[in-house]
Amino acid sequence: MDSTKKNYTSAFIIVTVLFFLWGFITVLVDSLIPRLKDVFELSYFQAGLVQFAFFAAYFFFSVPAGWLLSKIGYQKGVVLGLSIMAIGCLLFWPAAGERMFGVFLLGYFTLAAGITVLQVAANPYVAVLGSEDGASSRLNLSQAFNSLGTAIAPLIGASYLLSDTIMSSDAISAMTQQNQDAYFVNEAAAVQTPFLVLASCIGIIALLFMFIRLPKILQESPRHGYIKLLSDKYVLMGVLGIFLYVGAEVAIGSYLANYFMEMNMASIILNNETMSGIASSFLNTDLANVDAKAVVGTFVVFYWSGAMVGRFIGSYLTRVIKPGFVLAIFASIAILLLLISMSTTGLVAMWSILAVGLFNSIMFPTIFTLTLDGQGDFKPQISGLLCMAIVGGALVPPLFGLLTDSLGFKMAFILVIICYAYILFFGYIKQKNNKTFQAI
């Protein structure tokens with residue numbers, strides 16, 4: 001018994017590292033978008049294609065990943081997923097060196113394919129690593145470390161990906177050939193180095209997973225047609241809820257730096273002693289030597305770290321209050337904060353949109369668990385459908401970018417409000433109805 005408990009503890013720690021890793025990488029993608037927009041002179045819609053390439057992999061690989069893991073087992077699946085992630089990171093080397101936007105998109109797609117293999121099985125795997133009573137606690141703890149990764153990533157992105165000024169194509173054309181070559185080398189290195197380090201770290205973790213012993217808990221489960229599963233309205237509503245939540249969260253996170261730049265927040269921050277002090281401490285340098293995008297980019301950390309703090313709070317609230325009710329309340333507050341940001345400017349508009357991250361915190365795990373509640377042996381298949389719905393992160397941000405190009409940020413936020421309004425509705429319906437899927 002003690003040996004099994006120790007084995008479970010080790011496995012839990014190792015798998016929690018994976019939660020941190022994919023949270024970190026997912027948000028590092030967001031940090032790269034303002035830089036790519038300047039380097040390739042993209043519209044907001046084109047910049048949103050970065051997220052499309054990343055999250056589209058969830059749509060294409062979630063169901064196949066579930067089938068693959070049932071064949072080769074969790075441990076080999078983790079090694080395969082990590083290997084694919086490392087390949088995706090390595091693709092950033094030629095993409096940055098040759099300035100090929102298409103290869104960047106391929107790199108993101110490959111990276112996300114590897115993450116998908118991990119994501120489909122990780123949540124149920126953590127849930128069964130120990131007693132059933134402690135499943136919720138373990139899963140919330142792992143997801144808190146996922147949020148820690150998302151909180152740290154903006155600081156790394158601001159320091160290494162956004163800290164220098166990107167020159168326009170006209171300015172580059174006016175340079176000598178020698179200076180152009182030197183500029184392009186520096187630009188490539190700014191992107192290549194962080195992702196080369198990531199590839200090395202992922203490779204080391206993959207090697208560790210080849211030799212450690214994990215409990216074998218994946219067993220053959222009953223199978224049912226995915227169309228039949230989706231015929232239950234509560235499953236379908238949960239899948240749509242995950243789709244809209246991930247889309248809304250990523251749309252906000254991806255464009256925060258650009259939103260702040262449009263509101264001229266850099267100068268407001270620099271002229272405010274408290275705000276400039278925060279930015280300076282995060283970047284650990286004199287702000288006079290830092291590009292404006294890095295100054296505003298540092299505050300994106302509050303959006304993602306809010307999710308981490310809120311997850312700890314939410315894990316308690318969902319134990320003492322109906323999870324559906326908590327979900328509806330959090331969605332309502334997120335809508336209110338968006339309305340405040342839309343109708344104001346300056347620091348009020350900035351902090352109100354950043355505070356949305358705090359109320360995003362419980363949405364993914366709560367929608368996920370409410371959808372799986374009472375589903376019995378069909379949980380693995382429904383988990384695959386829920387993970388496939390993460391494709392919302394691929395479709396909503398480009399649409400948000402398109403609306404921003406034509407209407408501006410303030411009006412584009414209406415799309416995000418619609419997403420949260422549906423989540424509010426889902427939470428209200430689920431807290432009143434506990435009907436579960438009845439498979440034949």
Enquirer: Taking the side chain as every heavy atom from C-beta outward, state whether Ile242 and Thr371 have any atom pair closer than 4.5 Å.
Expert: no
Enquirer: Between Phe104 and Phe92, does the ring centre distance come in under 6.0 Å?
Expert: yes
Enquirer: For Ile423 and Ala331, work out which heavy atoms get closest and say how close.
Expert: CG2-CB, 4.1 Å
Enquirer: Would you say Arg311 and Met363 make side-chain contact, with heavy atoms under 4.5 Å?
Expert: no
Enquirer: Is the Tyr420 to Phe359 ring centre distance short of 6.0 Å?
Expert: no
Enquirer: Taking the six-membered ring for Trp and the single ring otherwise, decide whether the centroids of Phe145 and Phe19 are under 6.0 Å apart.
Expert: no
Enquirer: Could you go through the ring pair (Phe, Tyr, Trp, His ring centres under 6.0 Å) check for Phe109 and Phe61 one step at a time?
Expert: CA-CA 11 Å; Phe109 184 77; Phe61 290 103; 5.7 Å; yes
Enquirer: With a 4.5 Å cut-off on side-chain heavy atoms, are Ile205 and Leu18 touching?
Expert: yes
Enquirer: Is the closest side-chain heavy-atom distance between Leu327 and Lys430 below 4.5 Å?
Expert: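 A side-chain contact is absent here, since even the closest heavy-atom pair is not under 4.5 Å.
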Enquirer: For the residue pair Tyr245 and Asn360, confirm or rule out a side-chain donor-acceptor distance under 3.5 Å.
Expert: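 No, no side-chain donor-acceptor contact under 3.5 Å.
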Enquirer: Do Phe364 and Phe368 have ring centres separated by under 6.0 Å?
Expert: yes
Enquirer: Scan Ile353, Leu337, Ile414 and name whichever one has a side chain to side chain contact (heavy atoms under 4.5 Å, CB included) with Met342.
Expert: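 By the side chain to side chain contact (heavy atoms under 4.5 Å, CB included) criterion, Met342 pairs with just one of Ile353, Leu337, Ile414: Ile414.
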Enquirer: Is there a donor-acceptor contact under 3.5 Å linking the side chains of Ser341 and Tyr259?
Expert: yes
Enquirer: If we only count heavy atoms from C-beta on, is the Met350 to Phe260 side-chain gap below 4.5 Å?
Expert: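 With C-beta onward as the side chain, the pair touches.
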Enquirer: For the side chain of Tyr422 and the backbone of Met237, is there at least one donor-acceptor N/O pair under 3.5 Å apart?
Expert: yes
Enquirer: Do other residues, nucleotides or ligands put more than 12 heavy atoms under 6.0 Å from the CZ atom of Phe59?
Expert: no
Enquirer: Checking Ser254 side chain against Ala251 main chain: does a donor-acceptor pair fall under 3.5 Å?
Expert: no
Enquirer: Between Phe330 and Phe325, is the ring centre distance below 6.0 Å?
Expert: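 Judged by ring-centre distance (under 6.0 Å), Phe330 and Phe325 do not meet the cut-off.
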